[in-house]
Amino acid sequence: MSSLTSADEALHAFAADVGEADPIAVEGGGSRWQTGGVLHETARLVSAPDGIVDYRPEEMVITVRAGTPVADLCTALAETGQRSALPERGGTVGGAVAVGENRLDLLGRGPVRDSVLQVRYVSAQGDIITGGGPVVKNVSGFNIPKLMVGSLGTLGLIAEVVLRTNPTPPASQWFRAAGVDPVAARNAVLRPSSVLWNGSSTWVLLEGHERDLEHEITALATIGDFAETEGPPAPPPYRWSLPPAEAAALHREVVGDFVAAIGVGIVHADTAQPTREVDPGIAVVAERMKTLFDPTGRLNPGRNPNA
Amino acid sequence: MSLLDRFRRTSNVADPLVTALQHALAPDRVRNDGAERSLASHDASVFEGGVSGPVCFPTSTDEVQRITRIAVEHDRGIVPRGAGTGLAGGAIPLGAPIVVSTGKMNRILEVDIENRVAWVQPGVINLDLSRHLRPRGFHFAPDPSSQQVCTLGGNIANNSGGPHCLAYGVTDAHVLAIEVVLPNGDVVLLGGLDPEPGGYDLRGAFVGSEGTLGIATRIAVRLTKNPPAVRTLLLSFAETRDAAQTVSAIIAAGIVPAALEVMDQRMTVAVENYVAAGYPTDAAAVLLAEVEGLPAGVEIEADRIAEIGRANNATGVRQAASDEERALLWKGRKTAFGAVAQVAPDYYLHDTVVPRAALADMLEKIYEICERHDVIVMNVFHAGDGNLHPLLVFDARVEGTLERVHAAGAEIVRASLDAGGVLSGEHGIGVEKQGYMDELFSDADLDHQNRLRQAFDPTCRANPGKVLPMGHSCADIQALRAVPTGVWG
Ligand SMILES: Cc1cc2nc3c(=O)[nH]c(=O)nc-3n(C[C@H](O)[C@H](O)[C@H](O)COP(=O)(O)OP(=O)(O)OC[C@H]3O[C@@H](n4cnc5c(N)ncnc54)[C@H](O)[C@@H]3O)c2cc1C
């Protein structure tokens, strides 16, 4: 049963800490502290509980508390040859889920939003709420986990998640070539884990069985002079999200230095993405969602993922 | 009142609601006769008690919006309907709402290879889309067994799965954007073609919401490249437990095949009598395993699977030698539900999920429960996901049978929860499992699910009375169910 047991003391202590009255926010690793607006200074800061609760490699699921550093999660998974979709940049698991940003090798890892099977959070009312379930396939009721991914803790303070894990492929290698069409590179191979492009060079991450990689390298060679390389380029600071075809059509003259994830649409650029209009119909639903989950606006005041 | 009287009465009275709808669409695309409404009152489940209002056949987003506004004006519920193949009663109308059939919204609007998406109307049939994409080297990955008839709108509403969702993920992972007519008549686009559209993931909330958050009118689905190499293995076992253990062992070995499907002996016998697909009928269970990708990796994984099977007492391991043989094996698997008709006239298909490691015990438990209730059970299921589909076959004309079927089903659902599982893997809650929701979730959990629903639909107009149980639903379920047939002209 996914209902919470009273034995889960760490979560109950967290709920007691959060309470039900004053403005409040969870402090994670601070790696994305400014995302979605500046936190009101009235907000009291709390920390989410940490630790790995249950890891079942044979089920490819792990139950982990929100305050656990992503680095610790990675270490635990690596011991049994697995990995997850969460980005490693010094933050916590809860922070990574609340921000919802994907890795640049999303093609290989899958998006964060598909990896959260179950979530437990402390509500504005101080209750511990469970959404989703601990198994890999589930349509039992409304999809609360999806709502929590990228919500910046404005609907509930994430306390614990069950994540889907994946086997780490036996071989993995980055390749780089200058002057090739990155879309052609993407199309030449079956399942690249990442194809990055900075306007002049293309990087391709291939993963899988050794002999499959050889096959894919041969395919890449037909479109350019790809050579092994250490890793991806350092991404510029601003993050954009574009339809894949638009990301592939970017020019340095327009956006400055950039690194674009081809076939995905995540772009890191030197300039910020022009603000996008929020559809008024969507804004109504989003505002209502916020009001229903957090009537007094006490959760992460100042932050708004919908702005 | 005789059926004929009811038919006359319901079809001839000039109801202002019907008049408004006919005016907004076209008279021939609003049906209010008893026959059409009776059809719209059922889906593929065994549930009775649905009462349909007028049935509309819009052709565009604009028309769906007009219907919705009329529903608001007349304070009537509104229920989207695809092919009606749902098994949890999701499309069954409660309280005589307007039924919106997507049958005439069945166009593939655009195939955008550059972004690897296709824009479709909700009434497009699942298999039609994959057929359309095949010449261009792509397909739509979710492949429910009902794919020859079920619609993409229904797939999205139920977050449907299929044998090949083990590696590729269920519908949710393949839906990028959805144009929705909200229950107040607003038209919005949820999600987007970009990977991080920002804001709350309302797209994610909509997928799997069983028609309770509005009507999908245009959908952007992800295209999946057809793999160059495929290997299909058929493993037979003398013990069902060994088949289940092989599944767990394959996953534990770090292999995620494209599909891992199990059928038990009663099922393979029925399938063989029906289509002669080449399954061994003397095995207690068979495991159909498929790996796909690049040639070398596929070889390696197929060999590993065969090895793991043998280590778990497989009595036979066969690899499909040709595309024809492979297609035939899949035909057998996908027509399994059709095959049961020869065993008994009625069936009740259950759908629960347990952790994969619990599969072997759970199967034994299912046999035990069904034997105790004197019900015949056949098993065919998505083993790789731990998604069980016990199929209880019976003859409803025999008095007391349906009661025994329901009693056995209830025990199976509870046993799945006890094993650490959930209520449904792909069919949804609908009306079927509302009564179990409070066994999986606390009051506060259900209250938050209702908040999500109300953010989209504060007046509880869309598919009222579904998913959330009485006491946690915004709808008055008792009142909805009390509307007798024929009350609404
Ligand atoms: C023989 C058989 C085999 C099956 N095999 C599988 C399987 O392998 N995997 C699986 O997942 N399911 C399976 N199913 C169940 C069913 O086919 C799926 O749930 C399917 O997705 C339903 O599609 P539909 O078009 O028939 O929807 P319907 O039954 O008409 O409706 C289902 C739900 O979707 C809602 N809905 C429909 N259209 C829209 C829309 N445009 N916008 C919003 N809501 C909408 C309805 O209100 C309802 O709640 C099977 C069913 C049968 C009879």
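The chains referred to below are lettered A, B, ... by the order of the sequence lines, with proteins before strands, and numbering in each begins at 1. Just so you know, these numbers use all the heavy atoms, side chains as well, and skip hydrogens, waters and symmetry mates.
Val264(A) touches chain B through backbone and side chain together, each having a heavy atom under 4.5 Å away. For Val267(A), no part lies near chain B; criterion is any non-hydrogen pair under 4.5 Å. When heavy atoms are compared at a cutoff of 4.5 Å, Leu242(A) approaches chain B solely by way of its backbone atoms N, CA, C and O. For Leu452(B), the parts lying near chain A are the backbone and the side chain together; criterion is any non-hydrogen pair under 4.5 Å. Both the backbone and the side chain of Asn187(A) come within less than 4.5 Å of a heavy atom in chain B. Using a 4.5 Å cut-off between heavy atoms, His427(B) contacts chain A through its backbone alone, with no side-chain atom that close. Val354(B) touches chain A through its backbone: at least one of N, CA, C or O sits under 4.5 Å from a heavy atom, while the side chain does not. Interface residue Val285(A): backbone and side-chain heavy atoms are both found under 4.5 Å from chain B. Residue contact with chain B, scored on non-hydrogen atoms closer than 4.5 Å, involves the backbone and the side chain of Glu101(A) alike. Only the side chain of Glu216(A) comes within contact range of chain B, with at least one heavy atom under 4.5 Å from a heavy atom of that chain. For Asn102(A), the parts sitting under 4.5 Å from any heavy atom of chain B are the backbone and the side chain alike. With a 4.5 Å cut-off on non-hydrogen atoms, Asp212(A) touches chain B through its backbone and its side chain both.
Ranked by heavy-atom pairs under 4.5 Å with chain A, the first of Asp186(B), Asn450(B), Val353(B) is Val353(B). Ranked by non-hydrogen atom pairs under 4.5 Å with chain A, the options Ala444(B), Ser424(B), Cys165(B) are led by Ser424(B). With respect to chain A, the highest number of heavy-atom pairs below 4.5 Å among Glu301(B), Lys466(B), Glu299(B) belongs to Glu301(B). When each of Ser416(B), Ala249(B), Gly293(B) is checked for heavy-atom pairs under 4.5 Å with chain A, Gly293(B) comes out on top. The candidate with the highest count of non-hydrogen atom pairs below 4.5 Å against chain A, out of Gly198(B), Ala357(B), Gly208(B), is Ala357(B). Contacts with chain A were tallied for Ala253(B), Gly192(B), Pro197(B); Pro197(B) has the most, counting heavy-atom pairs under 4.5 Å.
With rounding to the nearest 0.5 angstrom, the CG atom of Asp201(B) is 10.5 Å from the OG atom of Ser151(A).
Residues Tyr121(A) and His448(B) place their aromatic rings such that the two centres sit under 6.0 Å apart.
Arg453(B) has a carboxylate O that lies under 4.0 Å from a charged side-chain N of Asp457(B), or vice versa, which qualifies the two as a salt bridge. Taking 4.0 Å as the cut-off between side-chain N and carboxylate O, Arg113(A) and Asp172(B) do not count as a salt-bridged pair. In summary, Arg356(B) and Glu58(A) do not engage in a salt bridge, as defined by a charged side-chain N under 4.0 Å from a carboxylate O.
Ser193(A) and Glu207(A) share a side-chain donor-acceptor pair at under 3.5 Å. Looking at Thr80(A) and Tyr55(A), their side chains do bring a donor and an acceptor atom within 3.5 Å of each other.
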Take Ser140(A) and Asn138(A) through the side-chain hydrogen bond (donor to acceptor under 3.5 Å, both in side chains) test and state the conclusion after the steps.
-> CA-CA 6 Å; Ser140(A) 312; Asn138(A) 182 14; 2.7 Å; yes
For Asp194(B) and Arg276(A), run salt bridge (Lys or Arg N to Asp or Glu O under 4.0 Å): C-alpha distance rounded to whole Å, both residues' side-chain angles, the deciding distance at 0.1 Å, then the answer.
-> CA-CA 12 Å; Asp194(B) 61 317; Arg276(A) 294 177 284 181; 2.7 Å; yes
